[in-house]
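This chain uses plain numbering: 1 for the first residue, then up along the sequence.
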Amino acid sequence: MSTILGNEKMAKVASRPIGRITVYWSVTIILAFSIALSGIGQLMRYGGNVDLVTDIGFPLYITNILGAWKLLGVIAIVMPGFPRLKEWGYSGIFFLMTGAALSHAFANDYGDYGFHIILPLFYAALGIASWALRPNSRKL
């Protein structure tokens with residue numbers, strides 16, 4: 001009887017990390033894809049990126065800086081190894097997204113239904129979730 005219970009406990013313990021890793025990669029891929037597309041859009045000045053930046057009073061060249069930082073942050077959190085660089089990537093994405101939300105809030109540029117504030121905060125939350133769920137191999 002104890003052998004059956006022991007195997008059952010082992011199966012539960014073994015399945016938990018796989019679920020956590022799956023959630024980690026799901027969240028991280030969504031975050032990386034979203035931030036990478038945003039960074040590429042800013043570097044190419046595609047779509048509404050020009051208006052989005054200039055409407056709140058930033059100079060247009062800031063899109064080059066933000067786009068490059070976003071792509072470097074995505075590379076840092078996705079590539080294997082370099083745990084300290086990952087910490088910098090996660091913190092950079094967090095500060096970039098919360099800074100974007102605050103910049104829009106202080107400029108009274110909320111967008112439709114607060115979209116210009118809600119979306120960056122959502123990306124910041126995804127970054128926090130990805131950081132919190134990362135496996136031990138990706139921690140300092």
Side-chain angles (χ1 to χ4, degrees):
M1 186 90 161
S2 65
T3 306
I4 294 172
L5 290 175
N7 289 339
E8 188 176 308
K9 286 182 183 178
M10 285 177 45
K12 285 182 181 178
V13 170
S15 66
R16 286 184 186 155
I18 293 172
R20 184 180 174 110
I21 290 172
T22 303
V23 172
Y24 162 75
W25 278 111
S26 299
V27 168
T28 303
I29 288 170
I30 292 169
L31 174 69
F33 185 73
S34 301
I35 299 295
L37 284 180
S38 174
I40 291 168
Q42 285 182 327
L43 285 173
M44 295 176 61
R45 297 184 178 154
Y46 183 74
N49 282 300
V50 172
D51 295 334
L52 195 64
V53 169
T54 55
D55 285 351
I56 60 174
F58 287 119
L60 193 55
Y61 66 82
I62 198 78
T63 59
N64 294 333
I65 297 168
L66 295 177
W69 282 349
K70 286 179 181 181
L71 292 178
L72 290 173
V74 166
I75 291 168
I77 66 171
V78 172
M79 73 177 181
F82 305 102
R84 187 167 315 277
L85 188 60
K86 286 185 190 322
E87 294 289 327
W88 279 95
Y90 279 118
S91 62
I93 288 173
F94 176 79
F95 291 128
L96 190 64
M97 293 297 110
T98 54
L102 288 171
S103 294
H104 285 285
F106 292 148
N108 293 320
D109 180 33
Y110 302 106
D112 295 334
Y113 305 105
F115 184 76
H116 293 163
I117 296 172
I118 293 170
L119 187 65
L121 291 178
F122 175 71
Y123 289 154
L126 280 178
I128 291 169
S130 176
W131 177 83
L133 292 168
R134 71 197 191 284
N136 288 334
S137 63
R138 293 180 164 259
K139 293 180 181 179
L140 283 176

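Exactly one of T22, I21, V27 qualifies for a side chain to side chain contact (heavy atoms under 4.5 Å, CB included) with W25. That residue is I21.
Atom CD1 of I35 is separated from atom CH2 of W69 by 14.0 Å, given to the nearest 0.5 angstrom. Here CG of N64 is found 9.5 Å from CD of Q42. Values are rounded to the nearest 0.5 Å.
No single ILVMFWY cluster, assembled from side-chain heavy atoms under 4.5 Å apart, contains both Y113 and I118. Taken together through direct or relayed side-chain contacts under 4.5 Å among Ile, Leu, Val, Met, Phe, Trp and Tyr, I30 and M97 form part of one hydrophobic cluster. Under the 4.5 Å side-chain heavy-atom criterion for Ile, Leu, Val, Met, Phe, Trp and Tyr, L43 and V74 are members of distinct hydrophobic clusters. Clustering ILVMFWY residues whenever any of their side-chain heavy atoms sit less than 4.5 angstrom apart, transitively, puts Y123 in the very cluster that holds I65. Connection of L96 to L37 is not established within any shared hydrophobic cluster, with ILVMFWY side chains joined at heavy-atom distances below 4.5 Å, either directly or through further cluster members.
Looking at I93 and K70, their side chains never come closer than 4.5 Å, going by heavy atoms from C-beta outward. At a threshold of 4.5 Å between non-hydrogen side-chain atoms, the residues M79 and L85 count as touching. Side-chain contact between L52 and T63: absent, with no pair of heavy atoms (C-beta onward) separated by less than 4.5 Å. In this structure the side chain of I117 never reaches within 4.5 angstrom of the side chain of L102, judged on heavy atoms.
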Would you list the atom pairs, donor with acceptor, under 3.5 Å between side chains in residues 125-132 and any protein atom, with sequence neighbours excluded?
| unit_1 | atom_1 | unit_2 | atom_2 | d |
| --- | --- | --- | --- | --- |
| S130 | OG | T28 | OG1 | 2.6 |
| S130 | OG | Y90 | OH | 2.7 |
| W131 | NE1 | E87 | OE1 | 3.1 |
| W131 | NE1 | E87 | OE2 | 3.4 |

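Looking at every heavy atom in both residues, Y24 comes nearest to R138 through OH-CD, 3.1 Å. Considering all non-hydrogen atoms of both residues, A32 and V78 come closest at CB-CG2, 3.7 Å. Looking at every heavy atom in both residues, W88 comes nearest to S91 through O-OG, 3.0 Å. In plain terms, the two heavy atoms of G89 and I77 that are nearest each other are C-CG2, 4.1 Å. Closest approach of S103 to I56, counting heavy atoms only: CB-CD1, 4.0 Å. The two residues T98 and A124 come nearest to each other via the heavy atoms CG2-CB, 4.1 Å.
Identified under the ring pair (Phe, Tyr, Trp, His ring centres under 6.0 Å) test for residues 92-111, with sequence neighbours left out: H104-H116.
N49 places a side-chain N or O within 3.5 Å of a backbone atom of G41 that can act as its donor or acceptor partner.
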